[in-house]
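Proteins come first, then strands; the chains are lettered A, B, ... in the order of their sequence lines, and each starts at number 1. Quick caveat: nothing in here was measured; it's all calculated off a predicted structure.
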There are 2 protein chains.
Amino acid sequence: MTDRATDRPPGPTTPKAQGIAAEVRRRIVEREWRQGDRIPDEADLATEFGAARATVNKALQLLADEGLLDRRRRAGTRVAPAPIRKATFTIPIIREQVEQAGMAYAHRVVSQRLAPPPAALAVRLGLARDARLIHLVTVHEGDGRPFQYEDRWLNPAAEPELATVDFRQMSANEWLVRNAPYLRADIAFHAANASARDARLLDIAPGRAILVLQRTTWNEAGPITSVRLACHPGFVMTAEA
Amino acid sequence: MTDRATDRPPGPTTPKAQGIAAEVRRRIVEREWRQGDRIPDEADLATEFGAARATVNKALQLLADEGLLDRRRRAGTRVAPAPIRKATFTIPIIREQVEQAGMAYAHRVVSQRLAPPPAALAVRLGLARDARLIHLVTVHEGDGRPFQYEDRWLNPAAEPELATVDFRQMSANEWLVRNAPYLRADIAFHAANASARDARLLDIAPGRAILVLQRTTWNEAGPITSVRLACHPGFVMTAEA
DNA sequence: GGATTCGATAAGTCTATACATATCTCGCGC
DNA sequence: GCGCGAGATATGTATAGACTTATCGAATCC
């Protein structure tokens, strides 16, 4: 947009593929092409837009990833009958989340000890009942008030450096995000009434509704960590499509 | 890798770009290339993998989208210092959600009437206080028991066909997913203690923690719909990375 | 010393071409 | 009529080459 320079006539130079994607998206949204319709093939669109087929392919690929188009070899490209749209949210570093909200961040380790996993966890992670894990409970604070509290199990077998980290210096959340890339993650959230323990650690009344995130990450050596993250009441998680 | 023509057996022939992406991902996860490191440039990797630069570009693009790499012109490609990972979840058709859980789906329109938007909503949607919206309250049931209940405002100005749909036949949720592609969506969730109304419509005790989704979608003509979706206690939303 | 300019570099994009592959369609033989 | 194999066709993927653009870093000028 802000692209004065020598001032080429039209201006901002959007990549061609994106321009094509936008135009196709418009035709779908404005019902020029309706749900289930077959749209012209790549070669025809390439001619129409004065682009190479590879460029049109990129554009349509993009819309297929968005869920707006269904594409099959030989069968052609159709407007998805039920556009299954996806939303994405980012897994944040809690410190940054707090600081972006304009609060001063601090975190406090409530307990840390070596322990074998509870039965349910051992099953879920596929670990032996006598595996040696680190159990860590931490409260994240904003302006001195509890913001989120995490109950986390760490598996040094999958990530040896874990055994040497001082989690009072850097929270496990941040250390992991910065140092332990993972191959696979499971994420789930639900609402829960605050238990006595939740209430005490978050400094709220028992029974208040809190948002709970469960997250487990794996690398090639096995599960790295599994965490239950309880958010302060009023916490809103946002995503975009 | 498995790419001799004379040797079919291996089978599914993974695309080369994906193979390269997998190998780069492995080098990152196994710390061959550490957070913040600059990795070889596209031309070098192309030589190493015996591929064209465009193919390597595609592979690295992929990893950048995943959040594992930071790429900048001239500056080169680096392993992201804090791999900001994204998780995606799909916006489902509630009927399919219920049926996948093996329950019989039904829905029931609790109320439907034309009304101007409440002040807060008008502001949020950027509509005039006297806009004519449809206010619709629906309960989705699985095996005869309330599963989710939605409190929805629909804007026929952005989607004229809305005025003619019979929402007892097909739920607004499903009609919209199938018929009203959107350009932009806002999604947010939080936990809430069930109000008296929530409790009555979901057939639960007041105060129970419920997961609440707020979703608003727009097309080029303005906001299409804004919905508050209250899920039955115990509902778990899952996502993947 | 500090700001400015300019050239080199690496990613970003597009093109033209080629071949691979899934799958639809049609015609053949029974 | 029906199954089956042979094409035709649209997308999937890879290729080399060209040009564009952001930006780093060094040489230059005040």
Side-chain angles (χ1 to χ4, degrees), chain A residues 1-24 33 36-80, chain B residues 1-24 33 36-80:
Chain A
M1 304 301 163
T2 59
D3 200 53
R4 71 279 98 101
T6 54
D7 203 290
R8 299 264 176 267
T13 61
T14 334
K16 212 162 176 175
Q18 285 192 42
I20 295 173
E23 170 60 13
V24 171
W33 293 336
D37 282 4
R38 169 118 180 251
I39 75 171
D41 67 38
E42 294 185 349
D44 290 349
L45 290 173
T47 308
E48 183 194 334
F49 290 115
R53 186 168 78 88
T55 308
V56 172
N57 180 284
K58 199 173 179 180
L60 297 186
Q61 204 64 261
L62 229 157
L63 296 177
D65 288 345
E66 279 180 28
L68 267 187
L69 295 177
D70 269 353
R71 324 191 69 210
R72 271 165 50 222
R73 280 185 175 162
R74 158 67 191 174
T77 300
R78 311 182 156 271
V79 180
Chain B
M1 304 285 158
T2 59
D3 208 18
R4 288 127 289 147
T6 54
D7 193 13
R8 284 305 121 90
T13 60
T14 7
K16 209 161 175 176
Q18 286 192 46
I20 295 173
E23 169 60 14
V24 172
W33 292 336
D37 283 3
R38 169 119 179 249
I39 75 170
D41 67 38
E42 295 186 350
D44 289 350
L45 289 174
T47 308
E48 182 193 336
F49 290 114
R53 186 168 77 89
T55 307
V56 172
N57 180 285
K58 200 173 181 180
L60 298 186
Q61 204 63 262
L62 229 157
L63 296 177
D65 289 345
E66 277 180 31
L68 268 186
L69 295 176
D70 268 355
R71 324 190 68 211
R72 272 165 51 225
R73 280 186 177 164
R74 158 65 195 177
T77 299
R78 309 181 156 272
V79 180

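Counting to the nearest Å, the P atom of C/dT23 and the CZ atom of A/R72 are 6 Å from each other. Across the protein-nucleic acid pair, A/D70 atom CG and C/dC24 atom P stand 13 Å apart, rounded to whole Å. B/L69 places its CG atom 11 Å from the P atom of C/dG12, with the value rounded to the nearest Å. To the nearest angstrom, P of C/dA11 lies 10 Å from CZ of B/R74.
Nearest heavy atom pair, residue B/V79 against residue B/L69, reads CA-CD2, 4.0 Å. Minimum interatomic distance between B/R53 and B/A43 (heavy atoms only, all atoms of both residues): CD-N, 4.3 Å. Across all non-hydrogen atoms, the minimal contact from B/G76 to B/R38 is CA-NE, 3.7 Å. When all heavy atoms of A/G67 and A/A80 are compared, the pair lying nearest together is O-CB, 3.4 Å. Here the shortest heavy-atom pairing between B/A21 and B/A59 reads N-CB, 3.8 Å.
Between the B/K16 side chain and the B/G50 main chain, a donor and an acceptor come within less than 3.5 Å of each other.
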Test log, rule side chain to side chain contact (heavy atoms under 4.5 Å, CB included), inputs A/E42 and A/R71:
CA-CA 11 Å; A/E42 294 185 349; A/R71 324 191 69 210; 2.5 Å; yes
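Rounded to the nearest 0.5 Å, atoms CG (B/L63) and CG (B/D70) are 12.0 Å apart.
Near DNA chain C, defined here as any heavy-atom distance below 4.0 Å, the residues from residues 53-62 of chain B are B/R53, B/N57, B/Q61, listed numerically. Residues from residues 38-47 of chain A that place a heavy atom under 4.0 Å from any atom of DNA chain D, listed by number: A/R38, A/D41, A/E42.
The A/A52 side chain lies nearest to C/dT15 when the options are C/dT15, D/dC24, D/dT11. Closest to the A/A51 side chain, of the nucleotides D/dT11, D/dG25, C/dT15, is C/dT15.
Distances shown here put a side-chain N or O of A/R71 below 4.0 Å from the OP1 or OP2 atom of D/dG12. Dashed line: the shortest gap from a side-chain N or O of A/K16 to OP1 or OP2 of C/dG12 is not under 4.0 Å. Taking 4.0 angstrom as the limit, B/T77 places a side-chain polar atom (N or O) nearer than this to OP1 or OP2 of C/dA11. For D/dT9, neither phosphate oxygen OP1 nor OP2 lies less than 4.0 angstrom from any side-chain nitrogen or oxygen of A/R73.
When each of A/Q18 and A/A75 is assigned the nucleotide of DNA chain C bearing its nearest heavy atom, the one mapping closer to the 5' terminus is A/Q18.
Here the side chains of A/L45 and A/I20 are not in contact, with every heavy-atom distance at 4.5 Å or above.
Heavy atoms of A/G19 sit nowhere under 4.0 angstrom from any nucleic acid atom.
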